[in-house]
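Here the structure is laid out as structure tokens; the discussion comes afterwards.
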Amino acid sequence: MDRRHFLRLAGAAPALGLLGGGVADAAASDYRVLVCLFLMGGNDGLNSLVPTDGAYTDYSAARPTLALQKNSLTMLSGNSAGHSFGMHPALAGLAAQYNKGRLAWIANVGPLIQPATAAQVMNHSVKVPSFLLSHSDQQSWQQGWLGDVDLSGWGGRALELLPTSLRNAFSAVTMTTQRTLVLGRNSPVAFLNPGDSRYWGRADLAMSARDNVQALNRMANWQFANQYDAEYSATFARGLDEATSFTAAELAATVPAGDFGTEQIGISLKKLASVLPVFKSRGYKRQVILLPWGNFDTHTNQRGGTKTSQDAQLAVVNKALSAFDAAVVASGLDQNVVTLGMTDFGRTLRPASGGGSDHAWGNHWFALGGPVAGGQVLGAFPTLVPGGPDDGDPGAGGRLVPTTSSDQVGATLMQWLGLPDNHVTDAFPYLANFSQKTIALLHA
């Protein structure tokens with residue numbers, strides 16, 4: 001592994017005793033974890049959550065080549081946000097959790113600097129995030145990026161502002177090389193390998209007495225006068241301690257039942273479902289775990305059975321996330337875990353020429369778990385008319401201006417983890433421009 005790899009992935013060097021047991025049940029009982037499932041590329045929320053009342057007419061008229069047939073939708077119980085709804089048929093398992101009151105949708109979410117209407121956006125009377133419609137920039141904005149002067153994300157900043165009693169060595173975790181959401185200003189990010197943390201080449205970290213493991217540990221203690229070499233050595237040591245600790249957790253874990261599927265998202269969620277009970281039993285308090293997955297940039301062939309169609313990818317998400325949620329419940333963590341489904345940006349109401357949709361702005365997110373006040377759609381559901389009151393595109397493509405800020409969603413969840421009221425705008429600076437800083441997403 002080279003220095004760049006270590007700097008990108010290595011986390012805080014934990015005391016290995018934290019994964020060594022002996023923690024009283026009372027100490028382990030106060031455990032909360034936020035899992036952020038980031039659907040890469042911009043999942044089309046307009047085909048994930050569909051109104052089934054009179055607004056369906058607007059939806060189907062705006063998307064003649066993309067609209068789902070009403071009778072194909074998995075119907076959601078009750079009315080919410082002024083409408084009745086159905087979900088994409090590939091999300092039937094998650095729709096069942098909505099109907100059980102465990103899943104909620106948040107309508108028309110996106111990054112905002114201040115509250116904005118479509119008219120204000122088009123007449124340039126409000127500040128808006130930079131580089132709208134850019135994948136990399138909007139992925140960063142959704143995760144709390146504050147520009148090149150501050151690369152941290154809302155999860156990482158908020159974790160650093162929790163009371164000391166709620167912090168632990170592996171608070172900020174990513175399961176890929178991406179880390180903006182969980183990157184703090186003063187703390188590294190831990191990497192939980194979806195595969196196996198145990199083997200570093202021929203060294204088996206579960207066998208600490210072996211010569212090759214001892215050699216790695218000696219290398220981790222090397223001291224250098226050169227700043228570059230010293231940083232490499234320190235990062236190497238953090239990475240080694242981190243992998244050793246995660247190996248101990250994996251060896252103590254029970255593989256969950258259920259069909260997670262064979263895609264990377266299923267492999268990652270299965271690993272996560274296995275180690276979360278171990279983290280709780282060993283006295284961990286708060287964690288934010290980032291899991292990016294997918295290829296939802298569906299400019300073409302959005303519908304259909306090809307592997308990269310939205311239809312096919314949502315079926316993969318449904319299987320993996322349904323199995324994960326069932327495993328969380330089975331392990332007794334129902335009230336300890338919330339999963340947030342987020343993505344780059346929304347997609348246009350108006351179809352693209354290749355049977356897909358183009359980059360937009362506002363989108364629908366979901367949250368799943370026992371603490372979620374489910375069975376409802378929160379926020380203001382937009383008018384699904386190109387050129388209508390929520391369309392901020394001068395070309396009337398149906399690029400919806402968000403009515404709920406992604407920061408409002410993030411602040412709600414980080415307060416559940418213990419972020420004090422007086423630090424909300426420290427972690428989410430743009431919320432200083434909003435009178436309402438959180439939403440009613442969770443049970444009181």
Side-chain angles (χ1 to χ4, degrees), residues 6-23 27-37 143 152-198 200 205-206 220 234-253 268-292 328 331 333 336-340 413-414 416-419:
F6 275 111
L7 288 172
R8 190 170 60 229
L9 300 182
L16 299 186
L18 288 174
L19 286 170
V23 180
S29 62
D30 182 22
Y31 176 62
R32 294 183 178 185
V33 55
L34 170 62
V35 178
C36 294
L37 174 61
Q143 297 179 42
S152 63
W154 55 256
R157 290 192 298 269
L159 285 169
E160 292 178 339
L161 295 168
L162 296 186
T164 303
S165 61
L166 297 180
R167 301 180 200 173
N168 45 260
F170 297 138
S171 290
V173 180
T174 183
M175 298 189 77
T176 74
T177 58
Q178 297 200 26
R179 60 176 188 165
T180 297
L181 188 142
V182 290
L183 180 64
R185 289 171 171 142
N186 302 297
S187 53
V189 175
F191 173 60
L192 176 60
N193 192 328
D196 198 337
S197 303
R198 180 172 176 174
W200 280 35
L205 299 185
T235 306
F236 181 93
R238 284 198 300 269
L240 180 60
D241 278 350
E242 172 190 299
T244 302
S245 295
F246 281 143
T247 295
E250 291 160 14
L251 292 173
S268 298
L269 286 172
K270 190 171 186 177
K271 164 62 76 65
L272 196 54
S274 72
V275 297
L276 290 183
V278 179
F279 292 158
K280 179 186 176 184
S281 72
R282 305 298 164 81
Y284 280 53
K285 296 298 183 183
R286 301 291 186 265
Q287 292 181 294
V288 179
I289 300 174
L290 175 63
L291 173 53
V328 165
S331 64
L333 295 179
N336 305 94
V337 181
V338 171
T339 301
L340 175 67
L413 292 164
M414 294 312 300
W416 174 68
L417 290 182
L419 178 67

By salt bridge (Lys or Arg N to Asp or Glu O under 4.0 Å), Arg286 pairs with (sequence neighbours left out) Asp30
Taken in chain and number order and not counting sequence neighbours, the residues that satisfy side-chain hydrogen bond (donor to acceptor under 3.5 Å, both in side chains) with Ser274 are none
Rounded to the nearest 0.5 angstrom, the OG1-CG distance for Thr339 and Leu269 is 7.5 Å
Item checked: Val33/Lys280 under side-chain contact (heavy atoms from CB on, under 4.5 Å): CA gap, chis, key distance, verdict -> CA-CA 10 Å; Val33 55; Lys280 179 186 176 184; over 6 Å; no
The side-chain contact (heavy atoms from CB on, under 4.5 Å) partners of Pro277 (sequence neighbours excluded) come to Ser331, Leu333
Thr174 and Arg179: side-chain donor and acceptor closer than 3.5 Å? no
Correct closest heavy-atom pair for Leu183 and Ser152 would be O-CB, 3.2 Å
Correct closest heavy-atom pair for Ala172 and Val182 would be CB-O, 3.2 Å
Quiz item: Just by modelled atom types, is the Arg157 backbone N or O under 3.5 Å from a matching donor or acceptor in the Arg185 side chain?
Solution: no
dist Tyr284:OH -> Leu276:CG (nearest 0.5 Å) comes out at 11.5 Å
Exercise. Take Val278 and Glu250 through the side-chain contact (heavy atoms from CB on, under 4.5 Å) test and state the conclusion after the steps.
Key: CA-CA 8 Å; Val278 179; Glu250 291 160 14; over 6 Å; no
CG (Leu413) and CG (Leu419) are apart, to the nearest 0.5 Å, by 11.0 Å
With heavy-atom distances below 4.5 Å as the criterion, would you say the side chains of Asn193 and Phe246 are in contact? no
Residues at least two apart in sequence or cross-chain that pass side-chain contact (heavy atoms from CB on, under 4.5 Å) with Ser268, listed by chain then number, are Met175, Pro194, Gln264, Leu291
Nearest heavy-atom approach of Asn336 to Trp416 is O-CH2, 3.4 Å
Val173 meets the side-chain contact (heavy atoms from CB on, under 4.5 Å) criterion, sequence neighbours left out, with Phe170, Ala190, Leu192, Gln287, Ile289
**Prompt:** Does Lys285 use its side chain to pair, donor to acceptor, with the backbone of Asn168 at less than 3.5 Å?
**Reply:** no
Scanning both residues in full, the closest heavy-atom pair of Leu251 with Ala206 reads CD1-CB, 3.6 Å
Separation between CG (Leu161) and CG (Leu417), nearest 0.5 Å, reads 12.5 Å
Sorted by chain and residue number, the side-chain hydrogen bond (donor to acceptor under 3.5 Å, both in side chains) partners of Glu160 (sequence neighbours excluded) come out as Ser187
So CZ of Phe191 and OG of Ser197: to nearest 0.5 Å the spacing works out to 7.5 Å
Heavy-atom nearest pair, Lys271 first then Gly195, reads NZ-O, 2.7 Å
For Gln143, the side-chain hydrogen bond (donor to acceptor under 3.5 Å, both in side chains) test, sequence neighbours excluded, returns none
By side-chain contact (heavy atoms from CB on, under 4.5 Å), Ala220 pairs with (sequence neighbours left out) Phe236, Ala237, Leu240
Quiz item: Under a 4.5 Å cut-off applied to non-hydrogen side-chain atoms, are Val35 and Val338 in contact?
Solution: no
Note: Ala249 and Phe279 closest approach over all heavy atoms is CB-CE2, 3.9 Å
Any side-chain heavy atom of Leu166 sitting closer than 4.5 Å to one from Arg32? no
With sequence neighbours left out, the residues meeting side-chain hydrogen bond (donor to acceptor under 3.5 Å, both in side chains) with Arg198 are Asp204
